[in-house]
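One structure below.
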Amino acid sequence: MSDLWRDTMVAGFRDTVMQIVLVLPRLLALFTFLTLGLLAAWSVKVLTLRILRTFGFDAFCERLGIVQPLSQAGVRRPVSLIVSGVLFWIVFVLFAFMGVDAMNLPATANLISQIVAFLPNVLAASLVLLVGVLCANFFAEAALIAAVNAQLEEARLVAGLVRWGLLLFTCAMVLTQLGIAKEIVIAAFSITFGGVVLALALAVGLGARHLMREILERRFSHHEHKADQLSHL
Amino acid sequence: MPQDATNDTDMPAPGPESTASDTEAAWPTDTIDIMVGLLTLNHAGSIEVVLKSVVEGLRQFFPDASALLVNCDAGSQDGTPGIITRLATGIIPVRTLSNAAGTYANLTREQGFPGRDESIHTFCLTARRVRPKICLIVEGQLRSINPSWIDHLGKPVYERGEDYVVPLFRRHRYEGTLATNLLYPLTRALFGKRLRYPSGGAYGMSGTFAGNLVARPTWTGAAAKYSVDSRLTTAALAGGYRVCHTSLGARDQDTTLGTVDLSVVIAQSVGGVFHSMEEYESSWETIKESSEVPVYGEPESAPDPGPLHTGRMVSGFKQGLRDLLPLWELILSRDTLGQILALDIQDPEEFRFPPSLWVQTVYDFALAYHNQTLHREHMLKALTPLYLGRTASFVLETQHGDSTEVERTVESLCREFESSKSYLVEQWRWRDE
């Protein structure tokens with residue numbers, strides 16, 4: 001009995017030690033990859049930042065009109081910093097994946113190949129997101145200015161609807177591109193968009209018909225407000 | 001024949017259906033004294049009056065001059081070119097040039113009709129080829145034209161050697177507030193000539209000036225989005241051409257093409273001047289004073305329009321202050337914005353937008369345009385509420401005076417623009433460095 005107990009204990013201990021001995025180099029490899037990744041990512045970040053600043057990348061982006069919509073979207077950092085930050089994370093994540101792959105875990109066996117296969121979708125989705133956000137800001141700004149110049153009291157509401165409508169549309173496109181709950185996203189978007197249009201039609205046609213008549217009369221009647229209409233040129 | 005020309009009625013006066021081939025020989029060169037450009041787009045209703053006045057004016061005031069009538073048509077569907085050819089047959093040589101469809105840079109114009117810019121371009125291309133002594137441009141919707149207009153537009157060029165003749169029409173004291181409060185003071189401060197911003201309708205030009213206009217890079221690209229009147233005027237002023245005014249009396253025109261939104265008017269006319277600041281940077285930076293330009297004929301004033309209500313203008317300004325503040329923060333300097341925020345808007349009847357603040361505002365917008373702080377069209381349209389505020393203040397300041405009082409206020413504003421120009425030049429150079 002005691003021999004059996006001793007053999008079991010020894011075997012357990014030996015197996016555990018063997019497991020640790022086998023895992024330790026992999027763990028070491030993971031930490032090495034993470035450390036190297038941090039160093040490489042930091043180097044890439046610093047180098048990119050210097051190059052971009054030397055060539056006046058921020059001023060160039062300002063001239064292209066990229067800075068203003070970004071700042072309106074709440075991103076107030078210089079574009080060079082954003083680009084170098086993105087590169088930092090790309091390099092670091094690549095090294096991290098190498099580390100995870102070195103662990104040789106069954107759960108992550110095909111992780112790298114899966115991620116590489118998925119990358120085009122991520123890139124396309126990122127591009128769609130970027131264009132969508134820029135468009136949403138641009139058209140919201142245009143709508144705001146037009147509504148203010150038409151002296152619509154609800155100018156900011158109009159601009160907000162344009163911005164969020166376009167952002168919603170962008171999100172739906174991004175999720176579809178990524179293949180996340182494709183059917184649900186399309187159905188949800190169709191229902192929401194159709195619902196909004198129907199609600200607006202009802203609101204205008206029934207709820208606010210007098211107001212709409214007044215607005216349209218004011219817009220198209222050449223007789224009203226004649227007293228304060230000037231020939232500007 | 002210019003590239004845009006698609007239909008050419010051969011000389012001396014063929015039937016409306018005849019078409020000549022596009023050859024050098026088909027166009028007279030150096031033999032024409034006066035070339036009249038008749039700009040049309042569906043003006044069948046008014047073209048007969050206009051054409052008769054032009055022909056009669058040429059007969060009365062330039063009896064010995066050789067003349068050529070060029071109808072630059074922007075795509076009429078009502079047979080306007082046919083009417084012109086029929087009426088002019090046997091009286092005056094006529095050519096019809098149609099703009100190529102689908103080439104319009106902008107269908108909505110601050111004044112005139114769609115395709116007017118392209119028609120003027122076509123006319124200038126023809127002027128470069130024909131090399132006439134005088135070029136006259138007349139729009140087909142001007143019902144109030146009479147034969148003396150040909151004399152008033154042509155004689156300053158023919159006898160006095162002027163290059164660019166801008167008409168002064170009869171106006172009441174508040175007509176053209178954008179011109180009196182912004183375009184005229186700004187161009188005067190920039191280019192040093194007291195030339196009122198043109199309101200379209202008709203022009204007189206020397207053949208040299210009209211031909212040289214084609215060489216300017218203002219007919220394509222970004223510049224083509226802006227007002228052609230602004231481009232003609234700034235080209236004449238910056239190019240050192242001799243400019244003058246001529247008084248033409250009342251302007252009554254066919255307005256069936258509808259009215260254009262104020263923000264579009266501002267974007268195109270003000271944008272045109274701002275664009276010219278970049279194009280002619282070296283011409284305006286060193287100019288410090290302004291001088292009068294000759295005025296031919298006696299400018300006339302129209303009867304007072306009666307009381308103007310400024311309520312909607314002030315409320316437009318208030319709304320801009322409430323909703324466009326984040327954009328104005330990007331465009332205006334801190335000092336200018338601080339002063340605008342401090343304006344008293346409680347009582348619309350007591351509202352005032354001081355001239356000095358208005359000048360600072362306009363200069364800040366010009367700098368923001370140069371610096372591309374915002375999308376340019378958005379930026380120009382964001383000026384509308386501020387302009388409404390200034391216009392309301394202008395009306396309120398002068399409502400109890402007469403037209404002399406209005407002129408005094410405009411003159412004072414112009415001097416403010418001139419005296420503050422150093423701020424504009426300094427900031428412009430600083431941003432360029």
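To find a chain, count down the sequence lines: A is the first, B the second, and so on, and within it residues start at 1.
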Spell out, as yes or no, whether a donor-acceptor pair under 3.5 Å connects the side chain of A:N121 to the backbone of A:L178.
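No.
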
At a heavy-atom separation under 4.5 Å, does [X] approach chain A through its side chain, its backbone, both, or neither?
| X | answer |
| --- | --- |
| B:T180 | neither |
| B:Y387 | side chain |
| B:R322 | both |
| B:L262 | side chain |

On the six-membered ring of B:Y184, is B:R196 placed so that its NZ or CZ lies under 6.0 angstrom from the centre and within 45° of the ring axis?
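Yes, B:R196 and B:Y184 form such a contact.
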
Report yes or no: is the cationic atom of B:R231 (NZ for Lys, CZ for Arg) under 6.0 Å from the centre of the six-membered ring of B:Y226, at an angle within 45° of the ring normal?
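No - B:R231 does not lie over the ring of B:Y226 by the 6.0 Å and 45° rule.
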
Largest heavy-atom contact set with chain A, pairs under 4.5 Å, which of B:E377, B:K381, B:H172
B:K381

Does the ring center of B:F274 lie less than 6.0 Å from the ring center of B:H370?
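Between B:H370 and B:F274, which both carry aromatic rings, the centre distance is not below 6.0 Å.
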
Closest non-hydrogen contact found for B:I331 with B:A382 is CD1-CB, 4.5 Å

